[in-house]
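Below, each value reflects all heavy atoms present in this structure, side chains not excepted, and no hydrogens, waters or symmetry copies.
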Amino acid sequence: MLTGSFPAFVLLQGALYAAYGTESPFLPSFFGERGLSPGEIGLVLAAGTLMRLAAGPVAGHLADRHDATRTVLGLAAAASGLIAFAYLPGYGFWPLLAVSVLHAGAIAALAPLADALALAAAKREGTFFYGWVRGAGSAAFVVGTLVSGLLVAHAGLASIIVSSGLLFLVMAVATARVPPAPAREGRPNLGLDGIREILSLGAFRRMLLVAALVIGSHALNDGFAVIRWREAGIGPGAISLLWSEAVASEVLIFVLAGPWLLTRLGTAKAAMLAAGLGVVRWSVMATSVSVPVLAAIQLLHGLTFALLHLAAMHLIVKVVPERLSATAQTLYGTLGLGAASAVLTAAGGVLYGALGAGSFWVMAGLCIGGLPLAAGLRPNRP
């Protein structure tokens, strides 16, 4: 039987990713229903990502500087829930842009700070692995996505806003059950020196580039796959199943196959596998809307995303000092993922408007570019 803080982290991650799963698949469609064009949807999503670029490192720095990761996480979760409800009266570009930016600022540090706490507890207690906690979050994402499909079919797209807002508030309450990280002796006045120290690590910088290319390539899929599928006549129920299937593959990788693959392949080869399969996945997305084909290719999500994420977490634990863990996590989430997502989501609206499904070929090209960088992704690399 599992002991320690594992159940508390399952509750925390479950609430967080159930909120994400309820909201994210249909949020672009919600924007479309509220009067936004594909290009405007891309700009709104990109603006939110840019806000996360600014807010994430600030939250991580505050958490490390004041040794208050759990407190910062709880306040951010509560703000995320309250701000989400402001989407409901919004219509048109500017109102939805404003709410999106505020909401993005609140949610920017949720996943990185939750990961920082889970990684520290797993290392300290030795009773569970980080992948188990993150896998539980992915399972909650699947449940949230399935429920969102049913809600959209019966109550319309606005229902995802209500449900996700409530789940973020549940997460705020759940944060109190998570044990804080051990107090650090002589809290350092990190300032910008902590960020510079992290970015001076060659292995960390290379990992940021690989994540930006390979995980960043998922931005087009996240923003426009559902729109493409709806245009092809695929119904909400089938879309939810396709989306859930992809995230279900995350659970398999995080809980079972991922740690096994990472142990046997090492960080570099695991990252190369993720990048190579990314080329395959986006090539198929560019050429087919057949539900059976999509169902087959969605299974690769666990390898193109989750395996690379585990490799990144493994590298962070190996090369980053523990006193800078929250800052490192938010830098990974913003510089490694957010910057690429901001550019690719904004470009995705233009690309999709001009090329349609052909825009996925561009994402395949990004993964090809990530292969040689992944080959040198080793924790002991200077």
Query raised in the report: Could you state the interatomic distance from CG (Leu11) to OG (Ser5), rounded to the nearest 0.5 Å?
Result: 12.0 Å

Requested in this report: Answer with yes or no whether the hydrophobic clustering places Leu75 together with Leu82; edges join I, L, V, M, F, W, Y residues whose side-chain heavy atoms lie under 4.5 Å apart.
Outcome: no

**Report entry** Note, Phe93 side chain near Leu43 side chain (heavy atom, < 4.5 Å)
**Finding:** yes

**Report entry** Euclidean distance, Ile198 CD1 relative to Leu324 CG, rounded to 0.5 Å
**Finding:** 4.5 Å

Query - Min side-chain heavy-atom separation Leu16-Phe141 under 4.5 Å - result: no

Query raised in the report: Are any non-hydrogen side-chain atoms of Glu23 and His103 less than 4.5 angstrom apart?
Result: yes

**Report entry** Between CZ on residue Arg52 and OG1 on residue Thr330, distance to nearest 0.5 Å
**Finding:** 13.5 Å

Report task. Output, in order, the C-alpha distance, side-chain angles, deciding distance and verdict of side-chain contact (heavy atoms from CB on, under 4.5 Å) for Leu73 and Leu110. Result -> CA-CA 6 Å; Leu73 179 61; Leu110 297 185; 4.0 Å; yes

Query raised in the report: Between CD of Glu40 and CG of Leu96, what distance do you get to the nearest 0.5 Å?
Result: 9.5 Å

Report task. Report yes or no: do Leu213 and Val343 belong to one cluster of Ile/Leu/Val/Met/Phe/Trp/Tyr joined by side chain heavy-atom distances under 4.5 Å? Result -> no

Query - Modelled atom types, side-chain donor and acceptor of Arg134 and Ser138, under 3.5 Å - result: yes

Requested in this report: Decide yes or no on side-chain contact (heavy atoms from CB on, under 4.5 Å) for Phe305 and Ser249, but give the supporting numbers first.
Outcome: CA-CA 10 Å; Phe305 168 72; Ser249 70; over 6 Å; no

**Report entry** ILVMFWY cluster, Leu88 and Leu27 together (side-chain gap under 4.5 Å)
**Finding:** yes

Requested in this report: Anything under 30° is parallel, anything over 60° is perpendicular, the rest tilted; go ahead and classify Trp132 against Phe129.
Outcome: perpendicular

**Report entry** Closest contact, heavy atoms only, Ile239 versus Ile234
**Finding:** CD1-O, 3.5 Å

Requested in this report: Please tell me if the side chains of Leu45 and Asp222 come closer than 4.5 Å, counting only heavy atoms from C-beta onward.
Outcome: no

Requested in this report: First locate atom OG of Ser283, then atom CD1 of Ile297, and finally report the distance between them rounded to the nearest 0.5 Å.
Outcome: 8.5 Å

Query raised in the report: Which atom names give the shortest non-hydrogen contact between Leu307 and Leu303, and what distance separates them?
Result: CB-O, 3.5 Å

Query raised in the report: Considering only heavy atoms from C-beta outward, does the side chain of Val133 approach that of Leu12 to under 4.5 Å?
Result: no

**Report entry** Spacing of Ile215 atom CD1 and Leu308 atom CG [to the nearest 0.5 Å]
**Finding:** 4.0 Å

Requested in this report: Mind running side-chain contact (heavy atoms from CB on, under 4.5 Å) on Leu146 and Leu150 for me, showing each step along the way?
Outcome: CA-CA 7 Å; Leu146 289 171; Leu150 296 173; 5.9 Å; no

Requested in this report: Go through Trp282 and Leu220 one step at a time and tell me if the side-chain contact (heavy atoms from CB on, under 4.5 Å) criterion holds.
Outcome: CA-CA 10 Å; Trp282 307 136; Leu220 184 70; over 6 Å; no

**Report entry** Heavy-atom closest contact (Met207 atom, Tyr332 atom, distance)
**Finding:** SD-CD1, 3.4 Å

Query raised in the report: Does Phe9 reach the side chain of Pro179, with side-chain heavy atoms less than 4.5 Å apart?
Result: yes

Report task. Group every Ile, Leu, Val, Met, Phe, Trp and Tyr by side-chain heavy-atom contacts under 4.5 Å, then state whether Leu300 and Met285 land in the same group. Result -> yes

Requested in this report: Go through the steps to decide whether Tyr20 and Tyr17 satisfy the test ring pair (Phe, Tyr, Trp, His ring centres under 6.0 Å), and finish with yes or no.
Outcome: CA-CA 5 Å; Tyr20 285 162; Tyr17 285 97; 5.4 Å; yes

Requested in this report: Would you check if Leu294 and Trp229 make a side-chain contact, meaning some heavy-atom pair closer than 4.5 Å?
Outcome: yes

Report task. Search all heavy atoms of Leu208 against all heavy atoms of Leu331 and return the closest pair with its distance. Result -> CD2-O, 4.1 Å

Query raised in the report: Taking all non-hydrogen atoms of both residues, which atom of Ala76 and which atom of Ala106 are closest, and how far apart?
Result: CB-O, 3.5 Å

Report summary line: Heavy atoms of Leu265 and Leu273 approach each other most closely as CD1-CD2, 4.1 Å

Query raised in the report: Would you call Arg323 and Glu197 a salt bridge, taking side-chain N to carboxylate O under 4.0 Å as the test?
Result: yes

Query raised in the report: Hey, does His301 have a side-chain heavy atom less than 4.5 Å from the side chain of Asn221?
Result: no

Report task. Look at the rings of Phe254 and His309 and say which category their plane angle falls in: under 30° parallel, 30 to 60° tilted, over 60° perpendicular. Result -> perpendicular

Query raised in the report: Between Ser164 and Ile160, is there a donor-acceptor pair closer than 3.5 Å when you use the side chain of the first and the backbone of the second?
Result: yes

Requested in this report: Could you tell me whether the side chain of Arg70 and the main chain of Leu113 form a donor-acceptor pair under 3.5 Å?
Outcome: no

Query raised in the report: Is it true that Val226 and Val143 fall in one hydrophobic cluster, defined by side-chain heavy atoms closer than 4.5 Å?
Result: no

